[in-house]
Amino acid sequence: MTKEFNLNKKIADSGIQAFNCIKDKIEPEHARAIGWVLTKLKLLEEQGAEILKADYDYINHPFHYTNGKKECIDEMIELFGKDNVAMYCDITAYKYKYRQGKKPNTPAEQDKQKAEWYLNKAKELRGYDEGRNEEHNTSSNGSVSEFQA
């Protein structure tokens, strides 16, 4: 999906200042990449660019759910355990299926893909095995990823 980022806010300078505060704390290759992106952003702003269009993956490893080293879902597993996060994934998948095509400015296909991602994650967390019966794919709290996205 292509996302439009409004550059009228002159965010490059703020980004460069923030980056300078943390660049010594991150891996050198990541620092180079971030520095390059901020330099390009600054050039675009100086050239008067107002809109930047970029591909953004809202489904698989979206940047807004990553703190730089770990994804939110991985931290949730550490904090709450696999069974609880699997249940959360079941509930979240249901939410995306329920609202599919109803949320303004969100394509139905995106909701469908998110529901599928969460169902697959729930199955992964439970060690789901298609060759086993449902009883053995059920978590300790009794939930099972059984509805279809």
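All heavy atoms count here, side chains included; hydrogens, waters and symmetry mates do not.
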Can you tell me how far CD of E124 sits from SG of C89, rounded to the nearest 0.5 angstrom? 9.0 Å
Determine whether more than 12 heavy atoms belonging to other residues, nucleotides or ligands lie under 6.0 Å from atom NZ of K102. yes
Result block: side-chain N/O donor-acceptor pairs under 3.5 angstrom for residues 75-82, not counting sequence neighbours:
unit_1: E75; atom_1: OE2; unit_2: N67; atom_2: ND2; d: 2.8
unit_1: E78; atom_1: OE1; unit_2: K70; atom_2: NZ; d: 2.8
unit_1: E78; atom_1: OE2; unit_2: K70; atom_2: NZ; d: 2.5

Quick one: closest heavy-atom pair of A86 and L125, and the distance? N-CD1, 3.7 Å
Acceptor/donor pairs from residues 32-41 side chains to any protein atom, 3.5 angstrom cut, sequence neighbours excluded:
unit_1: T39; atom_1: OG1; unit_2: G35; atom_2: O; d: 2.8

I'd like to know if D90 pairs up with R126 as an ion pair, taking the criterion as any Lys NZ or Arg NE/NH1/NH2 lying under 4.0 Å from an Asp or Glu carboxylate oxygen. yes
Excluding Y65, membership of its hydrophobic cluster (Ile, Leu, Val, Met, Phe, Trp, Tyr; side-chain heavy atoms within less than 4.5 Å) reads none
With side chain to side chain contact (heavy atoms under 4.5 Å, CB included) as the test, would you mind laying out the steps for I91 and K95 before giving the verdict? CA-CA 6 Å; I91 293 167; K95 174 191 80 169; 5.8 Å; no
Name all residues meeting the side-chain contact (heavy atoms from CB on, under 4.5 Å) criterion together with N60; count only those two or more places apart in sequence or in a different chain, and write none if there are none. D57, W117
Presence of salt bridge, D111 and K97, under 4.0 angstrom: no
Y88 and D83, any side-chain heavy atoms less than 4.5 Å apart: no
Do the rings of Y118 and Y96 sit parallel, tilted or perpendicular, given the 30° and 60° boundaries? parallel
Let me confirm one number: the CD1-NZ distance from I73 to K121, rounded to the nearest 0.5 Å. 6.0 Å
Who passes side-chain contact (heavy atoms from CB on, under 4.5 Å) against E27, sequence neighbours left out? E29, H30
Search all heavy atoms of Q110 against all heavy atoms of I59 and return the closest pair with its distance. O-CD1, 3.6 Å
Could you pull out all residues at least two apart from K114 that satisfy salt bridge (Lys or Arg N to Asp or Glu O under 4.0 Å)? none
Residues in side-chain contact (heavy atoms from CB on, under 4.5 Å) with N20, at least two apart? I16, K23
